[in-house]
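Below: the structure, in structure tokens.
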Amino acid sequence: MILSIESSCDDSSIAVTEIATKKLLFHKKISQELDHAKYGGVVPELAARLHATALPKILEQTESFFPQLKAIAVTNAPGLAVTLVEGVTVAKALSVALDLPLIGVNHLHGHIYSLFLEKESAFPMTILLVSGGHTQVIDARGYKDFSLIAQTMDDSFGESFDKVAKMLGLGYPGGPIVEAYAKKGDANRFAFTVPLANSGKIAFSYSGLKNQVRLQIEALGTLSDQDRYDICASFQLVAVAHLLQKLKKIFKTASIRDFAIVGGASANLYLREKIEALCEEFGARLYLAPLAYCSDNAAMIGRCGVEGYLRGDFTPMEELVSSPKSAL
Ligand code: KG4
Ligand code: ZN
């Protein structure tokens with residue numbers, strides 16, 4: 001079995017995965033969303049302090065698995081520097097105490113492996129990763145064999161939902177709230193323009209759209225509930241339309257048979273619906289992670305860790321450092 005730890009942002013999570021069957025034997029996550037909600041975003045120092053109490057609390061519950069563990073997998077990049085180090089330190093202490101090798105897991109690889117929980121991996125695949133920190137289209141060919149097809153030039157897709165929610169005073173994380181508000185709104189009331197619509201560039205940009213929303217909020221002055229619903233609906237329509245326009249260009253130039261969406265924002269049902277239609281149009285199969293494992297969790301880190309273990313891809317203790325910025 002492999003014990004895995006995730007603490008790259010505001011979720012403290014630990015999982016135990018059986019190596020031979022890929023079965024998830026234990027998974028627990030303590031989210032800090034409520035603690036950060038009043039600040040409208042994650043406060044890194046507060047997140048680190050909360051990990052320091054939450055991780056040991058979850059770890060205690062995994063003690064019965066200790067004799068059967070073969071390795072410790074831990075997210076070491078990318079993420080918040082002060083929170084990554086909390087998980088990495090717990091992993092190192094466990095590695096010393098139980099005499100087990102370490103496997104450093106890239107958080108983005110973890111999101112990709114959320115597609116393969118309790119099953120075999122299936123590559124090649126083209127993957128859209130939409131989270132709070134990233135918006136990328138990835139050519140995924142196999143374990144650690146990933147390359148970027150497109151990425152955002154500024155804000156990420158999930159981050160833009162967080163920022164719109166913050167501007168509307170709706171709390172954090174913004175994604176689920178904006179999606180729920182959008183359901184009650186008129187998506188055609190505000191005509192926000194689709195970013196990079198007239199550019200041939202295969203890239204994403206969300207900072208301009210965020211500014212359009214800000215200006216609209218300022219122009220309205222006092223907001224009614226209906227104004228908020230309509231802003232969320234109009235924003236979500238354009239945020240997703242932007243992804244779809246660029247994805248369509250990618251589908252037209254490459255022959256994609258297998259496509260997937262991963263990351264926290266892949267839980268957005270409106271986005272899922274639109275991507276389903278896109279895949280149908282191009283005759284591609286669509287793969288999705290279970291809704292409960294789209295946002296950050298240790299199960300996906302453990303699933304990726306199993307692949308590392310099977311390949312003997314261990315990380316020496318002195319090389320296991322947390323790096324906030326890290327490529328795919
Ligand atoms: O993958 P994740 O849990 O953390 C990162 O690695 O960043 O993703 C969190 C992000 C947040 O920005 C959150 O607002 C967004 O995913 N998100 C959503 C939805 N659920 C979560 N964005 C849009 N619609 C949603 N339903
Ligand atoms: Zn994530």
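First listed ligand is number 1; within each ligand, the first listed atom is number 1.
- Within ligand 1, counting atoms from 1 as listed, the ones closer than 4.0 Å to a heavy atom of Ser131 are 1 (O), 5 (C), 6 (O), 7 (O), 8 (O), 10 (C).
- Taking only nitrogen or oxygen atoms, main chain and side chain alike, Ala267 does not reach within less than 3.5 Å of ligand 1.
- Heavy-atom contacts of Asp162 reach the following atoms of ligand 1: 11 (C), 12 (O), 13 (C), 14 (O) (cutoff under 4.0 Å).
- Tyr287 and Asp258 share a side-chain donor-acceptor pair at under 3.5 Å.
- At a 3.5 angstrom cut-off on N or O pairs, Gly264 counts as close to ligand 1.
- A salt bridge links Glu218 with Arg214: the distance from a Lys NZ or Arg NE/NH1/NH2 to an Asp or Glu carboxylate oxygen falls below 4.0 Å.
- The Zn ion (ligand 2) does not have Cys9 among its coordinating residues (no N/O/S atom, backbone or side chain, under 2.8 Å).
- Every atom of ligand 1 is numbered from 1 in the order shown, and the set under 4.0 Å from a heavy atom of Gly133 is 7 (O).
- Each of the atoms 1 (O), 6 (O) of ligand 1 lies under 4.0 Å from some heavy atom of His111.
- Classification of the Tyr172-His36 ring pair by plane angle, with boundaries at 30° and 60°, yields perpendicular.
- The shortest N or O to N or O distance between Gly132 and ligand 1 is below 3.5 Å.
- Looking only at protein heavy atoms, the nearest one to atom 2 (P) of ligand 1 is Asp296 OD1, 3.2 Å.
- In this structure, of Pro176, Ser114, Ala265, the residue bringing a heavy atom nearest to atom 16 (O) of ligand 1 is Ala265.
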Decide side-chain hydrogen bond (donor to acceptor under 3.5 Å, both in side chains) for Ser12 and His51; before the verdict, give the C-alpha distance in whole Å, the side-chain angles of both, and the deciding distance to 0.1 Å. CA-CA 6 Å; Ser12 315; His51 283 305; 2.7 Å; yes
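- Of the inter-residue distances, the one linking Arg303 atom CZ with Lys119 atom NZ reads 10.0 Å to the nearest 0.5 angstrom.
- The distance from the Zn ion (ligand 2) to the nearest N/O/S atom of His111 is under 2.8 Å.
- Of all protein heavy atoms, the one closest to atom 18 (C) of ligand 1 is Gly175 CA, 3.3 Å.
- Checked against the 6.0 Å centroid criterion, the rings of Phe116 and Phe123 qualify as a close aromatic pair.
- In this structure, Asp155 and Glu159 approach most closely via the heavy-atom pair CA-OE1, 3.3 Å.
- A donor-acceptor pair is defined here as one N or O able to donate and one able to accept, closer than 3.5 Å; no such pair exists between the side chain of Lys28 and the backbone of Gln61.
- Looking only at its N/O/S atoms, Asp296 has OD1 as the one nearest to the Zn ion (ligand 2).
- Closest approach of Ser266 to Leu271, counting heavy atoms only: CA-CD2, 4.4 Å.
- Atoms of ligand 1 lying under 4.0 Å from any heavy atom of Phe161, numbered from 1 in the order shown and given with element: 23 (C).
- Within ligand 1, counting atoms from 1 as listed, the ones closer than 4.0 Å to a heavy atom of Glu179 are 25 (C), 26 (N).
- Atom CG of residue Leu168 and atom CD1 of residue Ile177 lie 10.0 Å apart, to the nearest 0.5 angstrom.
- Within ligand 1, the atoms closer than 4.0 Å to a non-hydrogen atom of Ser295 are 3 (O), numbered from 1 in the order shown.
- Assignment of Cys9 to the shell around ligand 1 is not supported, since no heavy atom sits closer than 4.0 Å.
- Relative ring orientation between Phe157 and Phe161 is described as tilted, the plane-to-plane angle lying within the 30° to 60° band.
- Aromatic rings from Phe259 and Phe282 are positioned such that their centres are separated by 6.0 Å or more.
- Between His107 and ligand 1, a contact under 3.5 Å exists for at least one N or O pair.
- Under a 4.0 Å criterion applied to the non-hydrogen atoms of Gly158, ligand 1 contributes the atoms 12 (O), 14 (O).
- Considering backbone and side-chain N/O of Asn268, one or more are found under 3.5 Å from N/O of ligand 1.
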